[in-house]
Every structure is written in structure tokens, then in C-alpha cells.
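Take a look at the structure set out below.
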Amino acid sequence: MRTPTLDIRQQALRAPVERSPPAPRSGGGSAVKRTTAHLADGREIIYFDQDDAPPRELHDPRTLDPVSTASTMRHDPVLDEWVIMASHRQNRIYHPPTTDCPLCPSTSERNTEIPSSDYDVVVFENRFPSLSMHAAGGDTHGLPPLVESRPGVGRCEVVCFTSDHDAAFATLKPAQARLVMDTWADRTSALAALPGVAQVFPFENRGEAIGVTLGHPHGQIYAYPFVTPRSRQMLSNARAFFERTGQNLFASVLSGERSSGARVVASSAHWTAFVPAAARWPVEVHVYPHRRVLDIPSLTDTERDDFAELYLDVLRRLDALYHRALPYVAAWHQAPVSDPLREQAYLHLQVSSIQRSADKLKYLAGSETGMGAFITDVLPEDVAERLRAV
Ligand SMILES: [Zn+2]
């Protein structure tokens, strides 16, 4: 038994993949050197280097067990949402000491996930993936017919932002942040071209407070086989807004915030960062390009350089807010790969934090967890004012 919306999504899964156009290389940005190899268990690793970087070590001398691919997903018919089940992830490395960091470069004494002795930015397939192109699916025994189950097909990648274990995204040089941006663009195009991938989601979880298991500055990229619930809701609202007004919803929100200025944290020639008027989290900043594009690969060189400068400024303000490294989730909202809702999208980055004071975290309690109704004890205008002032 299936819901009508599920059929729409299945059609979307079968539709031909719409590839993002190659990124324009119009500005003065340096070329990126891309080197691909495979780790001992067959996972792909890709180095993204400034063009003057030395050659990278491609051989992984370790002996590794095959990667577990037991990911499965089940459809919740009540909320009409897919839930991914990756029980094999329980065995993953948890808070290793710095000397055991798997994201640092390899040395003559120690082999890590990165065989090279150095790197600029590196991407590799997660050893404990929530989604895998080889997912075999899980046990469906005892599931009611109403609950559909499918293999968790997709891909999960790790992006190391720098080889410096003690750095943070906020402390990167603009050229390095730009290289991360080029890496996100490359991976978005590559993952969107994989069969069955419906949405590519680059993100960063930062800080132990939100469950980060490795201290090395890194992010992740998920390639989902469905359009995520948040994106589907936002884009459905955008379609209704467009049918009503002929305008793009996100462009109208951005325009309203720029006109008001009350919640703008920082802006540049091509980007604006603001606290949304109905922010849910104690600290929440959205970063939009002024030109509506659907995804990161569509950004020009100039827009990418400009983002690096502005985002670093925003991150430094966030860390200055409580005079400590702010735990946050930075989430890129990109257009789905080939869903009919794709054309409503507007690329933007959402940075959210559960830190509600220097020493207090916000927990999702009764109203948020039970009913999805957020209650916040700070006014977005006040948060924006404080972020502007630091
Ligand atoms: Zn490290």
C-alpha cells in the first residue's frame, strides 16, 4: 500500500538525472588539482589541492575489513517521511585521542584514513555510512504492509577542511575556505549524477555539544535517495507562494530582510547573512547569495570568493558571541536533483546553534519534540544586534 506522494517520488527517482551546469571559471580563482584513489577497503578518496601542491600518496597500506552496507530505510506512513536505519554505525570510533585522529595525515609511524603525509582538502567515503550505493537493505520480517522498506541507497562522504587538527572552519584562510567551496561544488555535481540520488546535502556538525565524534575540522556530504522532509516542505510552500504571487518565496524573504536590515548580521557585494524573523534556535543565521541559483556548482568564481570572506566573518562573530567555540550545524539547502519542485529552490546556508547562553544549551523538550512547535526565549532582532556588535 502506498501513499500518492510516494508514487510522485518514485517517478522522480526514475526521471533522468539533471546535471548541474559546469561551474563558470570566470574570476581570478586558482585552479584546483583533483586526485582520485581508493582506500584499502575500496572506498574512494579524492584530494582537492591548490595547483602548486606536491603529488599525493595514493597507496593505502592498511588491511581493512569490508565496509558494512546494511543500511535500510523505512517509510513512516503517518508523517509521510523516510527514516534511515544504519545500526552498524553503533561501532564507529568515538572521541579518539588526538594522537589517534583518523582525519590527520598519515605519518611514518601511523596510518590514518588519509594515506598522504599532507593535504589541502580531502574527501573520502565514510567507513560507517548511513547510506551506501551497495546497500543490501535490512530485515523486513514482521513489517506491516503499510510500512514500505527499501535499501538505504546513497552515499556518505567526509570532507576534511584542512590537515591542521587544531584549526576550525572559522580560522581557515579565505583561499582555503574557497577550496572547500570548490570541493562542495565538485561533489554536488558528482553525487547528483549517481543513479537514484535525489538530493545532495553538504553540512558541518561542529562541537561535542551536538554529538561530533571527531575533533578534526571536517564536514560531511549526504547523497539521499529521496527529497528530505524539510526540503519538500519548504519547496512545496515556495510553489504555493509562486502560484499565488508569481514570485520566488526565498527571494522575497531575502529582499524583505535586506530592506528591513533589523536582522542582517553581515553583507557583502554578493551575499547577505541574517537571523530569520521566525528563528527557531537560540542562534540561527541564514546566508543567501543575492543572485538566485539552485546549487553550489552554479555559483561563479566571484560569488565563491565573496562567500568565503563573508562566511568566515559570520563564523568569527558566532565564536565571539559567548567567547567560546560555538557548537553549530551548518546546512546547505540545495535544489533536489530532478524533482518537479527543483525550480522553486534558492541555494542558501543555514547555521544553527543550541547554545542559548555561555553555559546553557537548548534541548528539544515537550513542545518541540512532541508537537514540532518551537519556543524560543530570545528575539531574533536582539541576536542579530549582538552578532553585529561583536
Ligand atoms: Zn586530526
Item to check | Whether over 12 other heavy atoms sit under 6.0 Å from R230 CZ | outcome: no
Checklist entry - Are any of the side-chain nitrogens in K362 or E368 under 4.0 Å away from the carboxylate oxygens of its partner? => result yes
Item to check | Side chains of D359 and S357, donor plus acceptor under 3.5 Å | outcome: yes
Checklist entry - Do S149 side-chain atoms and R74 backbone N/O form a donor-acceptor pair below 3.5 Å? => result no
Next on the checklist: If you apply the rule side chain to side chain donor-acceptor pair (under 3.5 Å), what do you find for D305 with T302, and how did you get there?
Outcome noted: CA-CA 5 Å; D305 283 336; T302 307; over 6 Å; no
Checklist entry - Would you call R62 and E113 a salt bridge, taking side-chain N to carboxylate O under 4.0 Å as the test? => result yes
Item to check | side-chain contact (heavy atoms from CB on, under 4.5 Å) evaluation trace for V285 with Q350 | outcome: CA-CA 6 Å; V285 176; Q350 175 180 344; over 6 Å; no
Item to check | R324 and D319: CA distance, side-chain angles, deciding distance, side-chain contact (heavy atoms from CB on, under 4.5 Å) verdict | outcome: CA-CA 6 Å; R324 50 164 289 171; D319 282 351; over 6 Å; no
Checklist entry - Can you tell me how far the CG atom of L249 sits from the CZ atom of R244, to the nearest 0.5 Å? => result 8.5 Å
Next on the checklist: So does R150 get a backbone contact from the side chain of T72, meaning a donor-acceptor N/O pair under 3.5 Å?
Outcome noted: yes
Checklist entry - Roughly how far, to the nearest 0.5 Å, is CH2 of W281 from CD1 of I354? => result 7.5 Å
Item to check | V287-V253 co-clustered via ILVMFWY side chain contacts under 4.5 Å | outcome: no
Checklist entry - Can you hop from V227 to L79 via hydrophobic side chains spaced under 4.5 Å? => result no
Checklist outcome for this item: Sorted by chain and number, sequence neighbours left out, side-chain hydrogen bond (donor to acceptor under 3.5 Å, both in side chains) with R386 holds for none
Item to check | Distance under 6.0 Å and angle within 45° of ring axis: R280 vs F374 | outcome: yes
Checklist outcome for this item: CZ of R206 to NE2 of H218, rounded to nearest 0.5 Å, is 12.5 Å
Item to check | For P225 against A198, the heavy-atom pair lying closest together | outcome: C-CB, 3.7 Å
Checklist entry - With distance as the sole test, does E157 use its side chain to make a donor-acceptor pair with the main-chain N or O of Q220 at under 3.5 Å? => result no
Checklist entry - Are Y346 and W332 connected in the hydrophobic side-chain network, where two residues link if heavy atoms are under 4.5 Å apart? => result no
Item to check | Worked verdict on H75 versus E81 for side chain to side chain donor-acceptor pair (under 3.5 Å) | outcome: CA-CA 6 Å; H75 184 254; E81 292 178 1; over 6 Å; no
Next on the checklist: How close do H59 and P115 get, counting heavy atoms only, and between which atoms?
Outcome noted: O-CB, 3.4 Å
Checklist entry - Would the Y47 and Y119 ring centres measure less than 6.0 Å apart? => result no
Item to check | Donor-acceptor pair, side chain of R56 and main chain of A37, under 3.5 angstrom | outcome: no
Checklist entry - Which value, rounded to the nearest 0.5 Å, describes the distance between C156 atom SG and F124 atom CZ? => result 12.0 Å
Next on the checklist: Do Y328 and Q355 have side chains that approach each other closer than 4.5 Å (heavy atoms only, starting at C-beta)?
Outcome noted: no
Checklist entry - Going by atom types alone, do S130 and Y222 pair a side-chain donor with an acceptor below 3.5 Å? => result yes
Checklist outcome for this item: Between V67 and P129, the two heavy atoms sitting closest are CG1-CD, 3.8 Å
Item to check | Closest approach of C104 to H216 (non-hydrogen atoms, all atoms of both residues) | outcome: SG-ND1, 3.6 Å
Checklist entry - Considering only heavy atoms from C-beta outward, does the side chain of I84 approach that of Y224 to under 4.5 Å? => result yes
Item to check | Steps toward side-chain contact (heavy atoms from CB on, under 4.5 Å) verdict (L103, L214) | outcome: CA-CA 8 Å; L103 308 185; L214 298 170; 3.8 Å; yes
Checklist entry - Which pair of heavy atoms, one from I221 and one from F203, lies closest together, and at what distance? => result N-CE2, 4.4 Å
Next on the checklist: Tell me whether Q199 contacts the main-chain N or O of T228 through its side chain, where contact means a donor paired with an acceptor under 3.5 Å.
Outcome noted: yes
Item to check | 4.5 Å side-chain heavy-atom contact, V123 and V158 | outcome: no
Item to check | Q50 side, atom CD; L179 side, atom CG - distance, nearest 0.5 Å | outcome: 5.0 Å
Checklist entry - Any chance the side chains of D118 and S163 put a donor and an acceptor closer than 3.5 Å? => result yes
Checklist entry - Ring centroid separation for F274 and Y288, is it under 6.0 angstrom? => result yes
Item to check | Criterion salt bridge (Lys or Arg N to Asp or Glu O under 4.0 Å) on D41 and R127, from CA distance to verdict | outcome: CA-CA 9 Å; D41 55 8; R127 180 149 173 76; 2.6 Å; yes
Checklist entry - Does one hydrophobic cluster hold both V200 and F161, with members joined at side-chain heavy-atom distances below 4.5 Å? => result yes
Next on the checklist: Can you see whether R34 engages T36 through a side-chain donor-acceptor pair at a distance of less than 3.5 angstrom?
Outcome noted: yes
Item to check | Residue pairs passing the side chain to side chain donor-acceptor pair (under 3.5 Å) test where at least one lies in residues 252-264, sequence neighbours excluded | outcome: E257-R263, R258-T272, R258-H290, R263-E381
Item to check | Sub-4.5 Å side-chain heavy-atom contact between M73 and V153 | outcome: no
Checklist outcome for this item: Correct closest heavy-atom pair for D49 and D120 would be OD1-N, 3.1 Å
Next on the checklist: Is there a path of hydrophobic side-chain contacts, each under 4.5 Å between heavy atoms, that joins F250 and V275?
Outcome noted: no
Next on the checklist: Any side-chain to backbone donor/acceptor pair from R356 onto V378? Under 3.5 Å, distance only.
Outcome noted: no
Item to check | Geometric class of the Y311/F169 ring pair [parallel <30°, tilted 30-60°, perpendicular >60°] | outcome: perpendicular
Item to check | R43 side, atom CZ; S132 side, atom OG - distance, nearest 0.5 Å | outcome: 11.0 Å
Checklist entry - Judged by atom type as modelled, is there a donor-acceptor pair below 3.5 Å linking the side chain of D76 to the main-chain atoms of V78? => result yes
Checklist entry - Backbone N or O of E125 within a donor-acceptor pair of the E44 side chain at under 3.5 Å? => result no
Checklist entry - Going through the checks in order, is the side-chain contact (heavy atoms from CB on, under 4.5 Å) test met by L194 and R155? => result CA-CA 9 Å; L194 293 178; R155 183 150 144 154; 4.1 Å; yes
Next on the checklist: Under a 3.5 Å cutoff, is there a donor and acceptor pairing between the side chains of D186 and T183?
Outcome noted: no
Checklist entry - Quick one: are L299 and W271 in side-chain contact, heavy atoms under 4.5 Å? => result yes
Checklist entry - Do other residues, nucleotides or ligands put more than 12 heavy atoms under 6.0 Å from H38 NE2? => result yes
Checklist entry - Would you say the side-chain atoms of D60 pair up with the backbone N or O of A40, donor to acceptor, closer than 3.5 Å? => result yes
Item to check | No-hydrogen, no-angle side-chain donor-acceptor test under 3.5 Å, H286 and E284 | outcome: yes
Item to check | Sole residue of K33, R187, R304 in salt bridge (charged side-chain N to carboxylate O under 4.0 Å, His left out) with D182 | outcome: R304
Next on the checklist: Regarding S106 and E57, do their side chains bring together a donor and an acceptor under 3.5 Å, going by distance alone?
Outcome noted: no
Item to check | N/O donor-acceptor pair under 3.5 Å between N248 side chain and Q344 backbone | outcome: yes
